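No hydrogens, no waters, no symmetry mates; every other heavy atom, side chains included, goes into these values. Since this is a predicted model, take the numbers as computed values, not measurements. Chain letters run A, B, ... following the sequence lines, proteins first and then strands; every chain starts at 1.
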Amino acid sequence: MKLPGFAANILSPGRGLTREDFWQDAAPYEGMLYRAAFQYTGSRFDAEDLVQETYLAAFRSRHQLRDRRKLKSWLFVILRNSFLKRAGRQGTGPDLAYEDGIDYDYLDQLAIFTAYEDAQQRLERKATAEDIHQHLKALPEHYRSVLILYFLEEFSYQEIADMLEIPLGTVMSRLARGKQRLKVALIRQRAHRSSREKVIPLSRKG
Amino acid sequence: MDCQEFKRWLIDRDDCSEKKAQQAHTHRARCTDCDRLHSADEALERTMVDGFHSADVPGGMARRARALTEVVEPTPATAWTAGWRKVLVPSMALGVLVAFLIWNPRATPLITLDAIGTYALANHNRADMTMAFTADEISDPKEWFYQRLDFRFAMPNLSQRQLTFLGGRECTLGPKKAAYLFYDDNGERISVFIIPARHIEGPLQADRRYRIDMPHHRVELWKMDAMICILVQDLTTRRSTTT
Ligand SMILES: [Zn+2]
């Protein structure tokens, strides 16, 4: 397996985790990995598959992990790389060359929305993981990964920068932009109908 | 701090100083508009955090991955036990898997309508979802499916829409097996999925068609006997048909 740059920094041959240590340390991260995988794939089936693939790849390289404390970050990096590889292979993956330039007027939309009589009530409405995925997948991958790392695990900016191998400032701007886009999507969803109301009868058959 | 500065702070607040936060707090206390924006923004942040964490995690993924590695890469053992291992380890791994399937409380979750639309759309857009048979190869498609799936269904009648049946394959909609039928509509591919209604959450009325709006696609659902049919078509390349 070709190691990504981040992994190359925390891995060194000949040391690392034994079989027992690996499973003891890695197993508790299955929830984090699955939720991240679900946000990438949008399918329970594919998410489970991706987690499995991640564990197997990490297990095979476990002897090389230099810093045990980095296991969580390392697992995430493997998961993301596996997803990107799959997405490329399927040819239906995320748009990786999306333009950054579009500016949504988040605050304008928020101001309009808060004028609704029941705005607060609508805002309090829960979003499911599927809702979040629907909105996330409309974003370019580089926003998605930053948002997933930030919201799922509250990784620090520096940790995210290390894992994605991008400058700290880029993490901050992508996070701010990504959050605004996600919020705009949530506002739009709440400005329209609930997901139950979204099912509209078409026509009656005879 | 005035309203404009407050709004700028609201957008950049993750990167702003404590002092700025204090000034924003003071402004909010005397400006209802900005206070309302702030509350709404906070509510959206909470919604996002909860939404990201709301996926139900199926248990046992690490355990199953580990069982696989036990089969692939057995623990070093003496020659005597190694022989036994060859038999025991794979059967234990299989046992773990079977036990998981039996006692997993989430083994038969119901699929929501929104989720079924998402799964159907994902299959529709997957380039590797090719036909397992073409219409002229198989005389009785429903028999073909019955041999592979655990349910029997009648082929949907789509002649009113002038769709031509092209072929089919098995697929999954989330955790459940489904039949995937390929149709042609004047050169455009239409996907129709069939899954037993017992896997779907909430009742669908038998005499109605339902629509789920998805980005660039139309997903229609209807009940056919004990089955649910899900039809997916692209909206990007075609005129809008019904509303
Ligand atoms: Zn103000």
- Task: Determine the minimum heavy-atom distance between A43(B) and E124(A), stating which atoms define it.
- Result: CB-OE2, 4.2 Å
- Item | Atom pair CG/CZ of L44(B) and F113(A) - distance to nearest 0.5 Å | 7.5 Å
- Query: Got F151(A) and E45(B) here, is their nearest side-chain heavy-atom distance under 4.5 Å?
  - Reply: yes
- Query: Is there a donor-acceptor contact under 3.5 Å from the side chain of T114(A) to the main chain of L37(B)?
  - Reply: no
- Would you check if P175(B) and F45(A) make a side-chain contact, meaning some heavy-atom pair closer than 4.5 Å? no
- Message: Quick check: closest heavy atoms across D56(B) and Y34(A), and the distance to 0.1 Å?
- Response: O-CE2, 3.3 Å
- Item | Shortest non-hydrogen contact from L147(A) toward F52(B) | O-CZ, 4.1 Å
- Task: Measure the CZ-CG distance between R66(B) and L56(A) for me, rounded to the nearest 0.5 Å.
- Result: 13.0 Å
- Note on the structure: Counting heavy-atom pairs under 4.5 Å with chain A, the top scorer among L173(B), V49(B), T172(B), D41(B) is D41(B)
- Can you tell me how far the CZ atom of R8(B) sits from the CG atom of L107(A), to the nearest 0.5 Å? 11.0 Å
- Side chain, backbone, both or neither: which part of L33(A) has a non-hydrogen atom closer than 4.5 Å to chain B? neither
- Message: Please classify the contact between A122(B) and chain A as side chain, backbone, both or neither, with a heavy-atom cut-off of under 4.5 Å.
- Response: neither
- Task: Would you indicate whether the side-chain heavy atoms of R63(B) and E30(A) approach each other to under 4.5 Å?
- Result: no
- Hey, what do you get for OG (S54(B)) to CZ (R35(A)), rounding to the nearest 0.5 Å? 8.0 Å
- Query: Got a second to check how far L10(B)'s CG is from Q180(A)'s CD, nearest 0.5 Å?
  - Reply: 9.0 Å
- Check whether more than 12 heavy atoms from other residues, nucleotides or ligands sit under 6.0 Å from atom NZ of K72(A), and answer yes or no. yes
- What part of A26(A) gets closer than 4.5 Å to chain B, counting heavy atoms only: side chain, backbone, both or neither? neither
- Message: Among L186(A), T54(A), L175(A), which residue has the highest count of heavy-atom pairs closer than 4.5 Å to chain B?
- Response: L186(A)
- Task: Would you mind telling me which of H53(B), R36(B), M129(B) has the largest number of heavy-atom pairs within less than 4.5 Å of chain A?
- Result: H53(B)
- Task: May I ask you to test the D46(A)-Y119(B) pair for a side-chain heavy-atom distance under 4.5 Å?
- Result: no
- Message: Just so I know, are the side chains of T47(B) and R125(A) near enough to count as touching, which here means a heavy-atom distance under 4.5 Å?
- Response: no
- Gap between atom CG of L123(A) and atom CZ of R46(B) - 0.5 Å precision: 9.0 Å
- Which answer fits Y157(A), side chain, backbone, both or neither, if we ask what part of it has an atom under 4.5 Å from a heavy atom of chain B? side chain
- With a 4.5 Å cut-off on heavy-atom pairs, point out which of E130(A), M172(A), K126(A) contacts chain B the most. M172(A)
- Item | Segment of Y29(A) engaging chain B (4.5 angstrom heavy-atom cut-off) | neither
